[in-house]
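Taking it in order: structure first as structure tokens, then the write-up.
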Amino acid sequence: METVVFPGKFAVLADISSFVTRAAVEAGLDHEATYAVQIAVDEACTNIIEHAYGGEGQGSITCSVETGGTGLTVILTDTGKPFHPEKIRDPNIKVPLSKRKERGLGLYFIRHYMDEVSFEITQDGSNRLVLVKHRGGRG
Amino acid sequence: MDITTTPYKRCTVIKVSGRVDSSTAPKLLEAINQIQHEGQYRIVIEMDAVDFISSSGLWVLVNSQKTSKRYNRGEVILACLPEKIHASLELAGFVPFFKMFPDLTSAVASF
């Protein structure tokens, strides 16, 4: 497992993406699956900065990648506000444009683009999100 | 992310390239808003060189569309959309809000 700690700022999203993309290639994921990981990790980190920390520069994002086995595992840890994904409903994508709310799309994307998504609050109170993408899994 | 703006007779083309995420999406919104403030609401966004777009970037497209369509003063049209970006728009339920053209010429000619 390889781990890098990034500052919780939008400017490093591209660096985080490069880090997980290298791991995705090493794990043997194809282009479609790699893009899925890029989307999920970007949305997750954006949520951490915006919602867990309540803004940029308030804390760090620890990103670990593990390759091998059946694909790629990405673990994102933050020390922001406790996150309760079960309380966040999928957006209603069938309503007119004027009624769409600018929330909830990130988690919806994460759930769709990854094969496995799990979340826990660790003993020291950190938020820990585990994202898995299988080789040859759904896109 | 890079943005190139080209005014045509009946619309303005904004070519976007690179990565549109929470860091760069506000710059894209600002560029589109500037054109709209100048009175041009008929806009083609050329997207073949976009490598990545997150939900924050998709919201920029949607919010720009809302601004353009208000009072029937124009429309934002998408051109040369990569398949993976079309898939994200579809997942978000945003496809019905946009006309899409496979090439720039037909997008510009549609105005």
Side-chain angles (χ1 to χ4, degrees), chain A residues 6-18 20-21 24 30-51 53 55-57 61 90-114 138-139, chain B residues 1-2 16-30 41 47-78 81-100:
Chain A
F6 295 93
K9 292 183 175 178
F10 295 134
V12 301
L13 290 173
D15 297 333
I16 297 173
S17 186
S18 299
V20 297
T21 299
D30 61 18
H31 286 300
E32 200 181 334
T34 300
Y35 191 71
V37 171
Q38 289 171 347
I39 289 271
V41 169
D42 184 279
E43 300 290 350
C45 292
T46 294
N47 280 350
I48 289 169
I49 296 167
E50 283 183 351
H51 304 306
Y53 287 129
E56 292 188 272
I61 300 169
D90 282 348
N92 183 354
I93 63 167
K94 302 233 165 93
V95 298
L97 195 50
S98 57
K99 298 207 169 130
R100 285 292 299 267
K101 293 195 175 76
E102 228 172 300
R103 296 291 288 265
L105 207 49
L107 189 60
Y108 176 62
F109 272 18
I110 294 166
R111 287 173 176 148
H112 175 84
Y113 277 107
M114 300 306 288
R138 65 182 171 87
Chain B
M1 182 190 69
D2 285 314
V16 187
S17 55
R19 187 183 156 82
V20 188
D21 60 17
S22 301
S23 172
T24 55
K27 291 169 201 157
L28 177 60
L29 182 64
E30 198 183 313
Y41 295 95
M47 301 189 67
D48 57 316
V50 175
D51 303 321
F52 175 91
I53 185 162
S54 69
S55 64
S56 59
L58 300 183
W59 275 113
V60 168
L61 302 180
V62 168
N63 288 328
S64 305
Q65 180 70 296
K66 283 183 184 173
T67 304
S68 270
K69 282 196 163 176
R70 200 169 297 144
Y71 316 123
N72 283 324
R73 55 197 175 184
E75 183 169 2
V76 172
I77 283 178
L78 307 180
L81 208 61
E83 177 51 38
K84 60 190 180 186
I85 296 174
H86 187 275
S88 291
L89 279 167
E90 196 157 26
L91 184 62
F94 292 159
V95 168
F97 306 142
F98 295 97
K99 281 185 196 152
M100 301 180 193

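Computed over heavy atoms, backbone and side chain alike; hydrogens, waters and symmetry mates excluded. Naming convention: chains lettered A, B, ... in sequence-line order (proteins, then strands); numbering from 1 in each chain.
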Practice prompt. For chain A, find which of Pro96(B), Ser55(B), Ala87(B) contributes the most heavy-atom pairs closer than 4.5 angstrom.
Written response: Ser55(B)

Worksheet item: Is it true that Tyr35(A) and Tyr113(A) have ring centroids separated by less than 6.0 Å?
Response: no

Practice prompt. For Ser64(B), check side chain to side chain donor-acceptor pair (under 3.5 Å) against everything at least two apart and list the hits.
Written response: none

Item to complete: Sort Ile53(B) into side chain, backbone, both or neither according to what part of it lies under 4.5 angstrom from a heavy atom of chain A.
Response: both

Worksheet item: Considering only heavy atoms, which portion of Val12(A) lies under 4.5 Å from any heavy atom of chain B: side chain, backbone, both, or neither?
Response: neither

Item to complete: State whether the side chain of Gln65(B) and the backbone N or O of Val76(B) hold a donor-acceptor pair below 3.5 Å, judged by distance alone.
Response: yes

Worksheet item: Pick from Ser56(B), Ala92(B), Ser54(B): which one has the most heavy-atom pairs with chain A under 4.5 Å?
Response: Ala92(B)

Practice prompt. Select one option (side chain, backbone, both, neither) describing which atoms of Phe97(B) are under 4.5 Å from chain A's heavy atoms.
Written response: side chain

Worksheet, complete the sentence: Most heavy-atom pairs under 4.5 Å with chain B, out of Ala14(A), Cys45(A), Ala11(A), belong to Ala14(A)

Worksheet item: So which part of Gln38(A) gets closer than 4.5 Å to some heavy atom of chain B, the side chain, the backbone, both or neither?
Response: both

Worksheet item: Given side chains that start at C-beta, do those of His31(A) and Lys84(B) come closer than 4.5 Å, heavy atoms only?
Response: no

Worksheet item: Restricting to pairs with a member in residues 53-77 of chain B, which pass ring pair (Phe, Tyr, Trp, His ring centres under 6.0 Å), not counting sequence neighbours?
Response: Trp59(B)-Phe94(B)

Practice prompt. Look at the side chain of Ser17(A) and the backbone N and O of Leu13(A), then say whether any donor-acceptor pair between them is shorter than 3.5 Å.
Written response: no

Fill in: Interface moiety of Asp51(B) toward chain A, non-hydrogen atoms closer than 4.5 Å
backbone

Worksheet, complete the sentence: Counting heavy-atom pairs under 4.5 Å with chain B, the top scorer among Arg100(A), Lys9(A), Glu56(A), Glu50(A) is Arg100(A)

Worksheet item: Any sub-3.5 Å donor-acceptor pair from Asp21(B)'s side-chain atoms to Thr24(B)'s backbone N or O?
Response: yes

